[in-house]
Peer 1: 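Take this structure, written in structure tokens, and hold onto it; I'll ask about it next.
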There are 2 protein chains.
Amino acid sequence: MVDDVDRKLIRILKENSRLSYVEIGKKIFLSPSSVRERIKKLEDTGVIKAYTLNINENLLGNSLEVFIMLKIFSGKFKTVISEISSYAEVKEAYRITGQHNVHMRVALKDQLHLQQFIDKLVTFGEPTTHLILSKVGNS
Amino acid sequence: MVDDVDRKLIRILKENSRLSYVEIGKKIFLSPSSVRERIKKLEDTGVIKAYTLNINENLLGNSLEVFIMLKIFSGKFKTVISEISSYAEVKEAYRITGQHNVHMRVALKDQLHLQQFIDKLVTFGEPTTHLILSKVGNS
DNA sequence: TTTGAAACCGAAAAATT
DNA sequence: AATTTTTCGGTTTCAAA
């Protein structure tokens with residue numbers, strides 16, 4: 001279904017998803033049209049979910065990046081989760097198992113902004129916060 | 001420095017980083033050449049760090065996705081971190097504050113694979129594992 | 001008033017789809 | 001064959017000199 005060439009394509013696109021089919025083809029000695037067909041199939045079958053972007057949040061004025069895990073109060077996940085993931089500060093969010101229900105990566109201007117953000121979260125559950133020091137590797 | 005138009009460009013590229021300059025320009029009523037100039041500047045100044053990819057790990061044969069936080073044994077972060085981020089299973093890794101030193105998102109074939117992976121990690125530190133149930137929103 | 005920098009546009013050649 | 005990318009010259013704006 002997904003063979004070795006597909007995995008190479010995925011690896012290449014993970015490094016740079018804006019490469020042209022020609023450039024991708026050169027890297028694996030495959031014609032542009034073959035590259036295109038394979039990538040289209042990966043998109044259509046849902047293997048590739050989205051093409052996206054990594055941002056330097058500091059340069060956008062967000063000097064703090066944190067993980068926040070939230071232990072949501074009784075029951076109503078659905079509303080809390082959709083509310084939370086609508087916040088501009090929340091860059092990613094996952095439902096997880098364990099002590100907490102939600103794990104999110106959040107970008108914030110400064111300490112005051114963090115405090116205000118946590119004040120909002122405490123109406124939904126108990127948050128636990130970890131500062132992000134750096135991203136490691138390009139795994 | 002980064003104005004409102006730039007923020008729109010970033011929002012658009014975050015949704016789909018493979019859009020053409022023409023398509024991006026239509027969305028914000030800007031010529032393709034201007035779109036290109038602005039995006040190039042965002043790349044050159046480092047605001048845009050990378051164009052990348054979201055993958056459905058299940059369809060690649062990885063039925064488990066987990067967060068693992070690691071409390072690394074004495075001192076030598078550097079080697080441990082570079083070792084860890086070289087593993088194919090590790091999709092992202094961050095240095096963080098708190099009880100643990102590293103936070104990573106890991107994709108694995110099955111429970112046995114997870115067990116073997118944890119067995120490797122315990123030589124470096126104390127791991128704590130949380131299953132990922134689902135990704136929420138498209139934040 | 002002039003100068004220079006920054007942003008935008010349109011047209012044409014080169015490259016990609 | 002059609003579309004997109006790339007390059008480049010020209011225009012406008014704005015603020016500093």
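Remember, it's a predicted structure, so these values are computed and weren't measured experimentally. Note on naming: letters A, B, ... go to the chains in the order of the sequence lines (proteins, then strands), and numbering restarts at 1 for each one.
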Peer 1: Can you give me the N/O atom pairs linking the protein to nucleotides 2-4 of chain D at distances under 3.5 Å, or say none if there are none?
Peer 2:
none

Peer 1: D:dT7 C1' sits how many Å from B:Arg36 CZ, rounded?
Peer 2: 8 Å

Peer 1: Rounded to whole Å, please give me the gap between CZ in B:Arg18 and C1' in C:dT17.
Peer 2: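 Distance, rounded to whole Å: 11 Å.
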
Peer 1: Quick one: does B:Ile10's side chain get under 4.5 Å of A:Leu60's, heavy atoms only?
Peer 2: yes

Peer 1: Is B:Asp3 salt-bridged to B:Arg7, cutoff N-O under 4.0 Å?
Peer 2: no

Peer 1: What ring pair (Phe, Tyr, Trp, His ring centres under 6.0 Å) pairs are there with at least one residue in residues 43-68 of chain A, not counting sequence neighbours?
Peer 2: A:Phe67-A:His103, A:Phe67-B:Tyr94, A:Phe67-B:His103

Peer 1: Could you list the cluster mates of B:Phe73? Members are the ILVMFWY residues connected by side-chain heavy atoms closer than 4.5 Å, either directly or through other members.
Peer 2: none

Peer 1: Under a 3.5 Å cutoff, is there a donor and acceptor pairing between the side chains of B:Glu23 and B:Ser20?
Peer 2: yes

Peer 1: Got a list of protein N/O to nucleotides 12-14 of chain C N/O distances below 3.5 Å?
Peer 2:
none

Peer 1: side-chain hydrogen bond (donor to acceptor under 3.5 Å, both in side chains): which pairs involve residues 65-81 of chain B, sequence neighbours left out?
Peer 2: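 Those involving residues 65-81 of chain B are B:Glu65-B:Arg105.
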
Peer 1: Do the side chains of B:Lys135 and A:Glu92 get nearer than 4.5 Å, heavy atoms only?
Peer 2: yes

Peer 1: More than 12 foreign heavy atoms under 6.0 Å from NZ of B:Lys27: is that the case here?
Peer 2: no

Peer 1: Examine B:Ile55 and A:Val5 and state if one hydrophobic cluster contains both, with Ile, Leu, Val, Met, Phe, Trp and Tyr joined whenever side-chain heavy atoms are less than 4.5 Å apart.
Peer 2: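 Yes; A:Val5 is reachable from B:Ile55 via cluster members.
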
Peer 1: Applying side-chain hydrogen bond (donor to acceptor under 3.5 Å, both in side chains), run through B:Ser17 and A:Ser17 and close with a yes or a no.
Peer 2: CA-CA 7 Å; B:Ser17 63; A:Ser17 64; 2.7 Å; yes

Peer 1: Would you mind building the protein contact string for nucleotides 5-11 of chain C? One character per nucleotide, 5' to 3', B for base within reach (heavy atoms under 4.0 Å), S for sugar-phosphate only, - for untouched.
Peer 2: --SBBB-

